[in-house]
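Worksheet for the structure shown next.
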Amino acid sequence: MTGSFRLGVACAVGALAGRLSKALGRGRGETLSGRVILAIDPQAISKLSSGRDVVVVSGTNGKTTSTKNLATILRDFAGEGVSTSESGANMPAGIAALLAQSPRNRFAVIECDEMYLPDMYRQLAPKVVVLLNLSRDQLHRTGEVRKVANLWHEAFSRDDVTLVIDRDDPFLEYAAANAGHVIRVSFNGRRHPDAATCPNCAAILNWSSGDYACPCGLGKQLPDVRADKRLDGPQRNTVLVIEAARLMGAEILADEAQDLINKSPDRIHDFMVSDKKVPTHLAKNPESWRQALGDVTSDQVVLSVNARGIDGRDTSWLWDIDYSALLGKNVVCTGERRLDVAYRLSVQGIEVSVASSFSKAVENFPAGPIQAIVSYTAFQDLLTSELGISQGKSGSR
Ligand SMILES: [Zn+2]
């Protein structure tokens with residue numbers, strides 16, 4: 001088979017498999033479709049991305065939201081078709097499927113899992129790579145951050161890529177150390193919870209000025225963009241996304257950029273439970289929990305943690321978080337691991353109770369604002385049951 005014929009067959013059969021999978025109710029069909037494409041043509045990702053303007057987004061927190069945000073900004077400001085994953089699929093099969101879907105779009109904005117980034121970088125040959133942040137995920141506790149930083153450091157030892165990074169993160173500064181072109185965005189320093197020692201030389205980093213310094217010189221490069229220190233996580237990600245969009249050719253004026261930062265999408269979703277609105281944070285790892293806890297203003301808080309599939313079965317990461325923001329509040333734990341969370345909080349002197357379900361947790365609160373922080377599969381469960389909940393109450397759907 002010739003290369004383009006093989007690719008054509010791969011995409012046709014892959015699309016068919018995806019439609020079948022969807023029709024049989026086995027999910028969106030993206031992953032199966034991508035697996036079929038890659039089984040028939042292992043070079044499909046590089047072929048499908050060839051001649052297109054690709055930008056890749058990776059990092060521990062905010063990848064999916066930032067990828068959607070960047071795709072929207074490019075659509076609005078560059079006026080061109082943009083291919084992107086709607087579902088947050090970020091591994092090779094999902095990436096192959098999204099590229100195959102609209103091969104004529106000039107732009108492709110691709111979310112990539114951290115571990116797959118070096119390989120996808122080689123295959124996709126992106127113009128720009130956005131590195132949002134790197135911190136411990138809940139799934140792999142030991143040495144993971146350093147392992148990923150080392151992989152990235154080796155992958156980006158080439159001249160033909162432009163990286164956009166948050167240089168306040170020492171792991172990203174190290175990852176970008178040999179890259180040809182780097183846009184360093186600084187938010188004027190911010191202590192990194194996992195970076196006591198230097199990713200480059202293992203010396204103890206000096207954080208005394210609120211920023212890091214090392215005798216080996218890591219972090220000495222001046223930033224290209226200085227942004228407001230007071231921005232929160234989603235807003236910081238938007239600043240990086242705007243820089244990437246500009247590199248891709250979007251003209252974004254200063255006041256338009258400020259507007260985009262003000263309207264930064266975050267991971268809060270309002271669920272209606274028993275006629276009560278519950279703004280709910282999706283938090284998947286210690287860093288996103290810290291951010292979510294920083295946003296808790298209500299006195300009534302629901303925490304829901306599962307340990308299923310993508311959550312990881314090991315909940316020991318719960319002990320890496322400081323919950324003092326919850327002291328004195330009315331906290332109810334739910335989810336499959338509610339007892340783990342309740343015990344962790346009680347050790348920190350926080351009074352908690354447990355409920356058998358999210359809706360029961362909410363129903364037990366008296367009037368007044370409620371906020372929730374939930375793990376990945378707990379969030380998915382809420383999204384799935386949302387239809388049922390709103391249907392029962394409003395009858396509108
Ligand atoms: Zn060093």
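One-based numbering, in listed order, for ligands and for the atoms of each.
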For the residue pair F358 and F271, does the interplanar ring angle fall in the parallel (under 30°), tilted (30 to 60°) or perpendicular (over 60°) class?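 Ring orientation, 0 to 90° scale: perpendicular.
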Is it true that [X] and [Y] make a salt bridge, defined as a side-chain N closer than 4.0 Å to a carboxylate O?
X	Y	answer
R337	D311	no
D320	R290	no
R6	D41	no

Just jot down the salt bridge (charged side-chain N to carboxylate O under 4.0 Å, His left out) partners of R236, sequence neighbours excluded, or say none.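 Residues passing salt bridge (charged side-chain N to carboxylate O under 4.0 Å, His left out) with R236: none at all.
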Residues R246, E243; criterion salt bridge (charged side-chain N to carboxylate O under 4.0 Å, His left out); working and verdict: CA-CA 5 Å; R246 284 176 169 151; E243 290 307 315; 3.1 Å; yes
Are there any protein N/O/S atoms under 2.8 Å from the Zn ion (ligand 1), and if so, which?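 Under 2.8 Å from the Zn ion (ligand 1) - ignoring waters, which are not counted - the protein N, O or S atoms are C198 SG, C201 SG, C214 SG, C216 SG.
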